[in-house]
Amino acid sequence: MSLYIIIMGVQGAGKGVQAKFISSEYSIPHISTGDLFRAMKTREDELARRIQQIMASGQLVSDDVTNEVLRDRLEQPDAANGVILDGYPRNPAQADWLADYLKSRGEAVTAVLLLNLDLFTAFKRAFGRVSSAETGKIYNIFFDDDGIDWHYEEDSEGKFPPRVVATETETGKSLVRRPDDANAGAIIKRIDTYLETTMPLVDYYRRTGLLREIDAAQSIEDVSQSIRTVIEQSS
Ligand code: AMP
């Protein structure tokens with residue numbers, strides 16, 4: 001049997017890192033439907049253009065189109081032993097389609113991993129993230145502030161909330177925040193959207209008995225270890 005793993009989790013739960021771990025540990029490709037759609041940017045056809053418009057507007061691509069794009073990807077030779085799915089399914093209708101499609105191939109979803117993280121920690125992981133523009137090294141002012149100096153700086157005109165100003169101690173270089181991380185409102189909106197879209201799926205997979213909850217507040221290594229245990233029990 002091949003491994004069909006689905007990974008879900010709020011931003012900051014470490015979904016990307018763990019998906020990479022699963023992909024290398026089990027030699028299965030990491031498939032993100034968002035990445036598949038972004039990769040279509042260079043295509044000139046009508047469908048590709050339409051998808052770019054939908055993504056730019058922040059809406060979801062239709063289930064039919066998404067399922068077809070995913071089917072194509074699942075039928076590539078490198079996916080013969082299974083895949084780790086990220087960003088798919090996004091709703092119960094896609095989950096139904098996936099179950100039927102896999103069944104037609106004599107396969108089934110192995111496990112749905114939900115990386116659980118309390119929402120305030122999720123917020124701080126995004127809001128506190130600063131990185132070096134040169135090396136890409138990432139720190140967090142709340143959790144991982146060894147080797148950095150940081151403080152809040154008042155807006156001189158008092159119009160805006162204080163800003164986080166951070167520098168790397170060793171190099172003295174300033175550390176930057178992603179624009180969407182610097183805006184608390186935008187982070188909260190992303191978390192809200194996640195809850196709104198994911199909770200119905202969590203219920204769906206809990207009902208089908210496939211949901212496996214993992215404590216994402218642990219260290220990266222411990223989360224990986226928990227994932228390994230869960231996959232081994234499920235496969
Ligand atoms: P992501 O990188 O997962 O945040 O996806 C970026 C964008 O791609 C989303 O905002 C949607 O427009 C589209 N997208 C990705 N995955 C799906 C999906 N499973 N169903 C529908 N639209 C999707």
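Just so you know, ligand 1 is whichever comes first in the structure, and atom 1 is the first atom listed for that ligand.
Ion pair D86/K15 flagged as a salt bridge, since at least one NZ, NE, NH1 or NH2 atom sits closer than 4.0 Å to an Asp/Glu carboxylate oxygen. Ion pairing between a basic and an acidic side chain is recognised when a charged N comes within 4.0 Å of a carboxylate O; K159 and E157 show such pairing. A salt bridge between E153 and R163 is present, with a side-chain N of the basic residue lying under 4.0 Å from a carboxylate O of the acidic one. Under the 4.0 Å criterion applied to side-chain N and carboxylate O atoms, K103 and D100 are not assigned as salt-bridge partners. Between R206 and E213, at least one side-chain nitrogen of the basic residue sits less than 4.0 Å from a carboxylate oxygen of the acidic one, meeting the salt-bridge criterion.
Side-chain atoms of N91 and T197, non-hydrogen and from C-beta on, never get closer than 4.5 Å to each other.
Annotation: atom 6 (C) of ligand 1 to nearest protein heavy atom, R38 NH1, 3.6 Å. Looking only at heavy atoms of the protein, atom 11 (C) of ligand 1 is closest to Q59 O, 3.5 Å. Among protein heavy atoms, atom 1 (P) of ligand 1 sits closest to R90 NH2, 3.6 Å. Among all non-hydrogen protein atoms, the one lying nearest atom 13 (C) of ligand 1 is F37 CD1, 3.7 Å. Closest to atom 7 (C) of ligand 1, if we only count protein heavy atoms, is M55 CE, 3.7 Å.
By the 3.5 Å distance cut-off applied to N or O atoms, T33 is counted among the residues near ligand 1. Considering backbone and side-chain atoms alike, G87 places an N or O below 3.5 Å from some N or O of ligand 1. For V61, a nitrogen or oxygen atom sits less than 3.5 Å from a nitrogen or oxygen atom of ligand 1, counting backbone and side chain alike.
In the hydrophobic cluster analysis, where Ile, Leu, Val, Met, Phe, Trp and Tyr join through side-chain heavy atoms closer than 4.5 angstrom, Y26 is grouped apart from M8.
Using modelled atom types and a 3.5 Å distance limit, the side chains of Q225 and R228 yield a donor-acceptor pair.
Taking every heavy atom of T66 and a limit of under 4.0 angstrom, the matching atoms of ligand 1 come to 18 (C), 19 (N), 20 (N), 21 (C).
Within the set G58, S57, G34, A93, the minimum heavy-atom distance to atom 15 (C) of ligand 1 is found for G34. Taking only non-hydrogen atoms, the option from R190, Q94, K15 nearest to atom 20 (N) of ligand 1 is Q94.
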